[in-house]
Amino acid sequence: MGLIFAKLWSFFCNQEHKVIIVGLDNAGKTTILYQFLMNEVVHTSPTIGSNVEEIVVKNTHFLMWDIGGQESLRSSWNTYYSNTEFIILVVDSTDRERLVISKEELYRMLAHEDLRKAAVLIFANKQDMKDCMSAAEISKYLTLSSIKDHQWHIQSCCALTGEGLCQGLEWMTSRAGLR
Ligand code: G3D
Ligand code: MG
């Protein structure tokens with residue numbers, strides 16, 4: 001009986017929460033993933049295919065898939081969707097022209113059957129750049145307040161310094177605890 005309990009305990013406590021990191025190419029997805037991993041800036045190259053890493057925050061395990069964002073790869077994002085609990089959408093806050101594409105991709109994901117239960121964390125990245133849009137502006141543009149069927153949270157950040165990333169992870173950790 002004790003053994004069964006221990007096994008169940010370890011199963012639930014170590015259960016991994018699947019996360020997909022999406023966003024347009026150059027948004028900062030890979031930089032964010034590696035900031036999470038080692039708190040230092042690494043040289044990145046455009047992601048072809050995907051990177052996957054495990055991140056542990058306060059005993060909560062996240063398996064994070066960094067999916068390439070180039071246009072040619074976006075159509076294959078849905079092959080990563082099954083069992084996803086969290087979507088991290090990374091937005092380049094200086095890229096006003098392509099925010100409309102991020103918006104389309106966001107609503108396409110939210111409408112996808114396999115992501116019905118997924119919570120969404122939006123990182124408004126590159127806040128160190130002058131003339132960037134604020135998280136509030138991005139939130140308004142993406143009409144986040146209209147999203148009622150998914151949990152969502154927007155967090156401004158700078159992947160180069162790591163500023164804001166912990167707050168985003170904390171939100172995810174608090175959500176993961178409720179599952
Ligand atoms: P991606 O994985 O979403 O395609 P990357 O994006 O992580 O490869 O980052 C794309 C470029 O943006 C990189 O620059 C990276 O250093 C830069 N970047 C990422 N986050 C930030 C940020 O918060 N602020 C600033 N100023 N730059 C950022 P390079 O020059 O290597 O292409
Ligand atoms: Mg990348």
Side-chain angles (χ1 to χ4, degrees), residues 16-57 62-82 84-110 112 115 118-142 144 152-173:
E16 277 179 336
H17 301 276
K18 183 177 169 186
V19 181
I20 55 173
I21 307 180
V22 297
L24 306 183
D25 49 295
N26 203 48
K29 300 176 296 295
T30 305
T31 311
I32 286 177
L33 179 63
Y34 286 98
Q35 269 288 356
F36 283 159
L37 211 61
M38 47 193 165
N39 286 312
E40 64 184 44
V41 179
V42 292
H43 183 76
T44 65
S45 50
T47 307
I48 306 295
S50 59
N51 304 317
V52 60
E53 303 289 350
E54 184 184 37
I55 314 282
V56 184
V57 189
F62 294 106
L63 198 64
M64 299 209 181
W65 293 80
D66 164 19
I67 307 176
Q70 286 111 315
E71 197 167 4
S72 57
L73 298 172
R74 272 178 239 149
S75 59
S76 71
W77 281 3
N78 61 6
T79 58
Y80 295 90
Y81 289 170
S82 65
T84 295
E85 288 181 48
F86 293 95
I87 303 164
I88 298 181
L89 174 64
V90 183
V91 174
D92 176 344
S93 306
T94 67
D95 193 351
R96 292 165 194 271
E97 270 146 44
R98 292 199 304 166
L99 192 54
V100 63
I101 306 174
S102 291
K103 185 177 183 179
E104 282 167 18
E105 299 290 357
L106 171 63
Y107 285 93
R108 203 195 314 277
M109 287 187 290
L110 294 181
H112 198 285
L115 296 175
V120 191
L121 171 63
I122 297 115
F123 273 128
N125 191 32
K126 305 198 184 182
Q127 289 293 316
D128 58 307
M129 304 278 285
K130 69 171 198 299
D131 210 33
C132 66
M133 292 174 283
S134 67
E137 280 175 87
I138 291 171
S139 177
K140 194 170 172 205
Y141 189 87
L142 298 177
L144 296 181
W152 61 268
H153 180 73
I154 184 163
Q155 173 67 50
S156 55
C157 73
C158 170
L160 287 186
T161 61
E163 209 175 328
L165 298 183
C166 281
Q167 288 93 321
L169 274 184
E170 263 163 34
W171 178 78
M172 282 178 41
T173 310

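Atoms within a ligand are numbered from 1 in the order they appear, just like the ligands themselves.
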Under 3.5 Å between any N/O of Asp66 and any N/O of ligand 1: does that happen in this structure?
no

Closest non-hydrogen atoms of Ser93 and Ala124, given as atom of the first, atom of the second and distance, are OG-C, 3.2 Å

Mind checking side chain to side chain donor-acceptor pair (under 3.5 Å) for Tyr141 and listing every partner two or more places apart, or none if nothing turns up?
none

Give the numbers and elements of all ligand 1 atoms closer than 4.0 Å to a heavy atom of Leu24.
3 (O)

Against heavy atoms of Asp25, which atoms of ligand 1 measure under 4.0 Å?
4 (O)

Examine Gly28 against ligand 1 and note whether any of their N/O atoms are separated by less than 3.5 Å.
yes

Give a yes/no verdict on whether any heavy atom in Gly23 is under 4.0 Å from an atom of ligand 1.
no

For Trp77 and Ile67, indicate whether the former's side chain and the latter's backbone hold a donor-acceptor pair under 3.5 Å.
no

Closest to atom 4 (O) of ligand 1 (heavy atoms only, candidates Val91, Thr94, Asn26, Asp92) is Asn26

Closer than 4.0 angstrom: is that true for some heavy atom of Asn125 and an atom of ligand 1?
yes

Which pair of heavy atoms, one from Ala159 and one from Gly28, lies closest together, and at what distance?
CB-O, 4.5 Å

Cationic N near anionic O, under 4.0 Å, Lys126 to Asp92
yes

Would you call Arg108 and Glu105 a salt bridge, taking side-chain N to carboxylate O under 4.0 Å as the test?
yes

Per-atom filter on ligand 1: closer than 4.0 angstrom to a heavy atom of Met129 are 26 (N)

Specify whether an N/O/S atom of Thr30 falls short of 2.8 Å from the Mg ion (ligand 2).
yes

Please state which part of Gln127 comes within less than 4.0 Å of ligand 1, counting heavy atoms only: side chain, backbone, both or neither.
neither

Please test Glu163 against Gln35 for side chain to side chain contact (heavy atoms under 4.5 Å, CB included), starting from the C-alpha separation and ending with a verdict.
CA-CA 10 Å; Glu163 209 175 328; Gln35 269 288 356; over 6 Å; no

Should the proximity of Ile32 to ligand 1, defined as any heavy atom under 4.0 Å, be assigned to the side chain, the backbone, both, or neither?
neither

For Thr30, counting its heavy atoms only, list the atoms of ligand 1 lying under 4.0 Å from any of them.
2 (O), 7 (O)

